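In each ligand, atom 1 is the first atom listed, and ligand 1 is the first ligand listed. Keep in mind the model is a prediction, meaning the values are calculated, not measured. Heavy atoms only: backbone and side chains are in, while hydrogens, waters and symmetry mates are out.
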Amino acid sequence: MATRADTADVESAELPQGSRYDLRSDRSPDAPEVENYSEGDGAFGYAHSYETGSTVDGPGVRITLFLSGCPLQCQYCHNPDTWKLKHGTKLTLERVVTRLADFAPALRAMKGGLTISGGEVLLQAAFSRRILGAAKSMGLHTAIQTSGFLGTRATDDYLKNLDLVILDIKSGDPETYRRVTKQDLAPTLRFAERLSEMGKPVWVRFTLVPGLTDDPANVAAVAKFVAPMKNVEWVEVLPFHQLGAFKWTALGMDYTLADTPPAPPELVARVLGQFRDAGCNAR
Ligand code: SF4
């Protein structure tokens, strides 16, 4: 049961500005575990931080909001401090929307908008739906970045206020996908098919990790699945790097990729070639 003091804390909490590479932990120690989370009407949520001036999370110049909580456990995650809700700051919807409104004129002028990322944005589907609705009413372009694992939570009503889905397809081979994420690939593929049927613009992202996701057959499976989808504007190949490694250590988590090198340019070129040969716009 929330006390009056708890409620006051949430109402006064500010959305932390920063970077996806800032470490956050234990901002909301009483938050539920991800498996037990049921969020209600989205009047409040948990967020890691927001970043201004992003040019990589959708068209134009954007604000990217990183929500907390994720049901996947990717071996290469740069933000393991977004896995648990408790690591994020508990905030009211009103605070987030007020902050967004401060930036809205500049974002419109720079032909950008809002991207909500994570963690997994669809874990907090009600909270993010209401933020996206507010962003749309400010005339902003809206995007989410998601693994698609919880794609069924993105109802048609949710998607109505969304201009772009940046969909991580982390592997094409189900066994590799499970090794990478500890979850099943199928929900992501079903979500991608639904977005394709609707004609919703999608950018697919594929993180290229030497020795983990780089097998030619694994890449070919993603390429073959995506190539016929006319709504997919881009396939973006993201070379693995070690910028988030320190977070694993700081959180006392077992980081299995400590000795994995960054993806070299010739490997990136080979994988881009595979996507292009299959008929994808890849970059
Ligand atoms: S889906 Fe994203 S936030 Fe979640 S574990 Fe994977 S890389 Fe990290």
Side-chain angles (χ1 to χ4, degrees), residues 18-25 27 31 33-35 37 45-51 54 56-58 64-89 115-125 127-128 143-154 165-172 174 176-192 202-209 212-213 218 222 236-258 260 262-263:
S19 149
R20 64 196 78 191
Y21 295 112
D22 293 339
L23 177 71
R24 317 270 179 190
S25 65
R27 300 292 168 110
E33 295 297 329
V34 163
E35 310 78 75
Y37 190 49
Y46 297 86
H48 174 277
S49 60
Y50 74 96
E51 217 175 82
S54 168
V56 296
D57 298 310
T64 307
L65 170 64
F66 297 93
L67 297 186
S68 302
C70 185
L72 275 60
Q73 295 177 24
C74 300
Q75 287 193 47
Y76 58 68
C77 185
H78 305 148
N79 299 313
D81 56 338
T82 62
W83 289 11
K84 292 181 180 288
L85 290 160
K86 72 172 183 180
H87 289 324
T89 303
T115 301
I116 310 183
S117 182
E120 172 49 60
V121 52
L122 293 173
L123 183 73
Q124 301 187 62
F127 187 53
S128 54
I144 61 169
Q145 185 196 352
T146 175
S147 71
F149 181 70
L150 302 175
T152 53
R153 297 193 186 182
V165 177
I166 301 173
L167 181 65
D168 290 315
I169 304 185
K170 294 165 185 288
S171 274
T176 307
Y177 192 91
R178 179 161 277 284
R179 193 157 63 244
V180 171
T181 69
K182 297 213 177 119
Q183 292 288 10
D184 288 336
L185 170 61
T188 298
L189 300 186
R190 299 296 83 78
F191 187 47
V202 166
W203 294 1
V204 167
R205 282 190 171 166
F206 176 78
T207 302
L208 179 58
V209 187
L212 185 64
T213 66
N218 186 44
V222 179
E236 298 185 312
V237 175
L238 306 185
F240 167 74
H241 58 69
Q242 293 279 11
L243 290 176
F246 79 97
K247 292 188 177 183
W248 290 76
T249 311
L251 294 169
M253 296 165 67
D254 184 22
Y255 183 49
T256 50
L257 301 184
T260 300

Q. Does ligand 1 have any atom sitting under 4.0 Å from a heavy atom of Leu72?
A. yes

Q) Does Lys247 NZ have over 12 foreign heavy atoms under 6.0 Å away? A) yes

(Q) Counting non-hydrogen protein atoms only, what is the nearest one to atom 3 (S) of ligand 1? Give residue, atom name and distance. (A) Gly119 N, 3.5 Å

Q. Which atoms form the tightest heavy-atom contact between Tyr255 and Gln242, and what is the distance?
A. OH-OE1, 2.7 Å

Q.
Contact between ligand 1 and Lys170 is defined here as a heavy atom of the residue under 4.0 Å from a ligand atom; is it met?
A. yes

Q. Mind checking whether Leu67 and Ser128 have side chains closer than 4.5 Å, heavy atoms only?
A. yes

Q: Output the distance between atom CG (Asp254) and atom OG1 (Thr249), rounded to the nearest 0.5 Å.
A: 10.0 Å

Q) Has Cys77 got an N/O/S atom less than 2.8 Å from atom 4 (Fe) of ligand 1? A) no

Q | Sub-4.5 Å side-chain heavy-atom contact between Phe191 and Thr146 | A | yes

(Q) Which heavy atom of Trp83 sits nearest to which heavy atom of Cys77, and what is that distance? (A) NE1-SG, 3.2 Å

Q: Report the nearest protein non-hydrogen atom to atom 4 (Fe) of ligand 1: residue, atom name, distance rounded to 0.1 Å.
A: Cys70 SG, 2.4 Å

Q) Side chain or backbone of Cys74 under 4.0 Å from ligand 1, or both, or neither, by non-hydrogen atoms? A) both

Q: Check if Trp83 has a non-hydrogen atom at a distance under 4.0 Å from any atom of ligand 1.
A: yes

